[in-house]
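Just the heavy atoms: all of them, side chains too, but no hydrogens, waters or symmetry mates, feed the values below. What you see is a predicted model; the values in this text were computed from it and never measured.
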Amino acid sequence: NGSTLTLSGTTTTTANGAIATTTPPTFTVPNLAAGSYNVVVHDAVPNTAPPISFTIPTPSASINPASGPVGQVVTLSGSNFGANQTISATYAGVAVTLSGSTTTTAGGAIPTTAPPTFTIPATAPGSLAGSHAVVVTVAGQSAPGLTFTVTTTASLNTTNAVPGTTVTVAGTGFAAT
């Protein structure tokens, strides 16, 4: 893509021209979009090796559960994000407050110990029955295609009553009036 990376460490070669393995050169993968990139190795002469294909994987995330009523706590999981970065999420286009660990691991995963969670809100539009987009973002990289489906719930204060008794109905996920 035209980006130039500087190798760290001492980049030396052996007497026969091989890259020294005692302190091999390294580089930190930059925060670039997922995709395939070429790594080009050359020296000061310049001798250049053929390009080496290197892939930055597409971030992936999932939610559990993927459906439920308003007030449901949803847990995030995922991988292939930037290392040690802040995790954020939106639900139905609105930023949500995450509880739990909100920083990716050194390997770029969403932590599985105390993973981030959020609660499905009781306000529209996210409280209405149906599918709502969930977007998980880390350092500008978003995981595609997550949806949470709000289900309607209804309950009665009693399921057994004699004639003339007032029964109270409660529920969530219905359109506001």
Do the side-chain N and O atoms of Asn160 and Thr158 include a donor-acceptor pair separated by under 3.5 angstrom? no
Strictly by modelled atom types, are Ser88 and Thr137 linked by a side-chain donor-acceptor pair under 3.5 Å? no
Stepwise side-chain contact (heavy atoms from CB on, under 4.5 Å) check, Ile56 with Tyr37: CA-CA 8 Å; Ile56 297 176; Tyr37 296 88; 3.7 Å; yes
Short side-chain to backbone donor-acceptor contact, [X] and [Y], under 3.5 Å:
X      : Y      : value
Asn80  : Thr58  : yes
Ser131 : Thr147 : no
Asn157 : Val167 : no

Report the distance from atom [atom1] of [X] to atom [atom2] of [Y], rounding to the nearest 0.5 Å.
X      : Y      : atom1 : atom2 : answer
Ile110 : Thr102 : CD1   : OG1   : 11.0 Å
Thr97  : Tyr91  : OG1   : OH    : 14.5 Å
Phe148 : Ser67  : CZ    : OG    : 6.0 Å

In a check of side-chain contact (heavy atoms from CB on, under 4.5 Å) between Leu76 and each of Pro115, Pro116, Pro111, which one passes? Pro116
If we check side-chain contact (heavy atoms from CB on, under 4.5 Å) with Gln72, which of these qualifies: Thr151, Val150, Ile120, Thr153? Ile120
Before giving the answer on side-chain hydrogen bond (donor to acceptor under 3.5 Å, both in side chains), spell out for Ser77 and Ser62 the whole-Å C-alpha distance, their side-chain angles and the decisive distance to 0.1 Å. CA-CA 5 Å; Ser77 60; Ser62 61; 2.5 Å; yes
Measure the shortest side-chain to side-chain distance between Val169 and Leu156 over non-hydrogen atoms and say whether it is less than 4.5 angstrom. yes
Is the shortest side-chain heavy-atom distance between Thr105 and Asn84 below 4.5 Å? no
Same cluster for [X] and [Y] if Ile/Leu/Val/Met/Phe/Trp/Tyr side chains link at under 4.5 Å?
X     : Y      : answer
Leu98 : Ile63  : yes
Val74 : Val135 : no
Phe81 : Val29  : no

Test Ile87 against Val136 for side-chain contact (heavy atoms from CB on, under 4.5 Å), laying out the working first. CA-CA 7 Å; Ile87 303 163; Val136 177; 4.1 Å; yes
Report the C-alpha separation of Thr90 and Val134 in whole Å, then their side-chain angles, then the decisive distance to 0.1 Å, and conclude whether the side-chain contact (heavy atoms from CB on, under 4.5 Å) test is met. CA-CA 6 Å; Thr90 61; Val134 176; over 6 Å; no
Minimum heavy-atom separation for Ala34 and Gln141, please, with both atom names. N-OE1, 3.9 Å
